[in-house]
Amino acid sequence: MNHPYHLIASAESWIEGEALRQLEQTAQLPGMRQAVGLPDLHPGNGYPIGAAFLSDLIYPALVGNDIGCGMTLWQTDLLVRKFKPERAAERLQGLEDPWEGALADWRADFALEPTAFDTALGTIGGGNHFAEMQCIESVLDPPALLTLGIDPDQALLLVHSGSRGLGEAILHALIAAKGHAGLDPETPESLDYLRQHEQALRWAEANRALIARRILDALNADGARRLDVWHNLVQPMDWQGERLWLHRKGAAPSDRGALVIPGSRGTLSYLVKPCVDCKQSLYSLAHGAGRKWKRGEARGRLSGRQRPEDLIKTALGGRVICEDKELLYDEAPENYKGIERVVGDLVAAGLCTIIAALRPLLTYKVRRPAHRQPGMRKQEHRRS
DNA sequence: ATGTTC
């Protein structure tokens with residue numbers, strides 16, 4: 001049988017063949033009704049990233065290990081004209097260590113049960129996760145910005161992170177028991193997964209909020225959350241009289257208000273307003289620029305031209321904190337497709353409009369590799 | 001993506 005799938009991308013958007021194969025393959029899984037690739041579509045670990053899937057069954061492996069991963073945007077009280085990236089960088093220390101505040105209160109605010117992973121609450125993690133201080137570059141929709149409560153004179157804080165070890169443990173246990181098979185939504189194992197998934201969503205949201213809180217505290221600043229969206233999750237959806245399951249795999253929701261579609265740390269990001277009727281994209285938007293190069297490729301491609309010292313400053317003048325060399329290369333702007341094309345494709349498809357463009361001032365990745373203790377330098381001379 | 005890689 002052939003299940004329908006389609007791609008939302010203009011002819012100018014380059015989509016890797018492997019990503020299209022994964023989209024087509026995933027669309028053929030039992031119970032799949034529809035599959036949509038967004039313009040940031042790229043290959044993932046068996047399933048494509050930057051896609052949404054509507055199904056009769058629940059596919060935990062499709063949601064992936066980082067259940068609840070997403071983006072939050074905070075308005076700070078720091079005036080952009082007074083913000084000094086170098087001074088702020090000096091103040092951002094120890095963000096990889098367990099938070100020393102009142103964890104029980106924080107859990108209560110987000111209705112979280114204690115988990116074995118709570119020492120990681122308030123930590124950014126690795127991969128493409130980051131926290132970034134930004135300013136508003138240009139405003140295309142002033143009323144929408146005003147409605148969101150964003151003052152263009154004040155710096156913004158964008159955080160991308162997820163459920164860290166918790167989501168990973170939930171998926172790992174599920175796969176050990178059930179493999180990659182789709183689950184009948186009515187079964188006990190489905191209900192158990194959905195209960196844990198719900199916890200992971202809230203944990204991830206709490207994590208982003210705590211990351212923002214820790215950064216604001218370090219900068220002696222205050223702030224207020226303006227939005228928080230998940231881009232990895234599964235949720236029930238009423239679809240033409242049926243109850244189906246919408247999986248978002250690196251796909252932002254179009255039905256939860258305004259959101260940020262981040263570029264790379266060397267480009268602008270876009271604050272967008274989803275259009276009302278996004279049925280064609282399964283109520284989803286791109287979640288970022290999308291990788292152009294696989295993880296691990298960048299060092300070989302870039303190290304001849306760019307030294308680590310070059311990579312801590314970006315083309316737009318932003319400062320980068322990333323003391324893990326591999327990650328510094330792997331997340332360099334060259335790894336990503338052009339964000340203007342991705343957002344342009346969404347606008348052209350009638351899925352969103354642009355509220356404002358955001359410019360990176362300071363991007364925080366990691367202070368030092370968590371797996372390498374001070375004094376251990378065994379990987380220092382490893383090639384490629 | 002991941003208290004990461006025996």
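So you know, we letter chains A, B, ... as the sequences are listed, proteins then strands, and number each from 1.
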Whole-Å distance between B/dT5 C1' and A/D324 CG? 14 Å

Taking any heavy-atom pair under 4.0 Å as a contact, classify A/A116: base, sugar-phosphate, or nothing. base

Between B/dT4 (C1') and A/D330 (CG): distance, integer Å: 13 Å

In whole angstroms, how far is the P atom of B/dT2 from the CD atom of A/E326? 16 Å

Starting from P on B/dT2, measure out to CZ on A/R164 and report it in whole angstrom. 5 Å

Mind calculating the distance between CZ (A/F117) and P (B/dT2) to the nearest angstrom? 12 Å

Across the strands shown, which category fits A/G125 at heavy-atom distances under 4.0 angstrom: base, sugar-phosphate, nothing? sugar-phosphate

Measure from NE2 on A/H160 to P on B/dT2 and round the result to the nearest Å. 9 Å

Once you apply a heavy-atom cut-off of 4.0 Å, does A/G64 come out as touching a base, just sugar-phosphate, or nothing? nothing

Can you check the A/E96 CD to B/dG3 C1' distance for me, whole Å? 13 Å

Touch class at under 4.0 angstrom, heavy-atom based, for A/H129 against every strand present: sugar-phosphate

A/G162 near the nucleic acid: base, sugar-phosphate alone, or nothing, with a heavy-atom cut-off under 4.0 Å? nothing

B/dT4 P sits how many Å from A/H172 NE2, rounded? 12 Å

Going by an N to O cut-off under 4.0 Å, is there a salt bridge joining A/R33 and A/D56? yes

Closest non-hydrogen atom pair, A/A51 against A/A251: O-CB, 3.5 Å

Determine, for A/R305 against A/E334, whether the closest basic-nitrogen to carboxylate-oxygen distance falls under 4.0 angstrom. no

Basic-acidic side-chain contact under 4.0 Å: A/E205, A/R225: yes

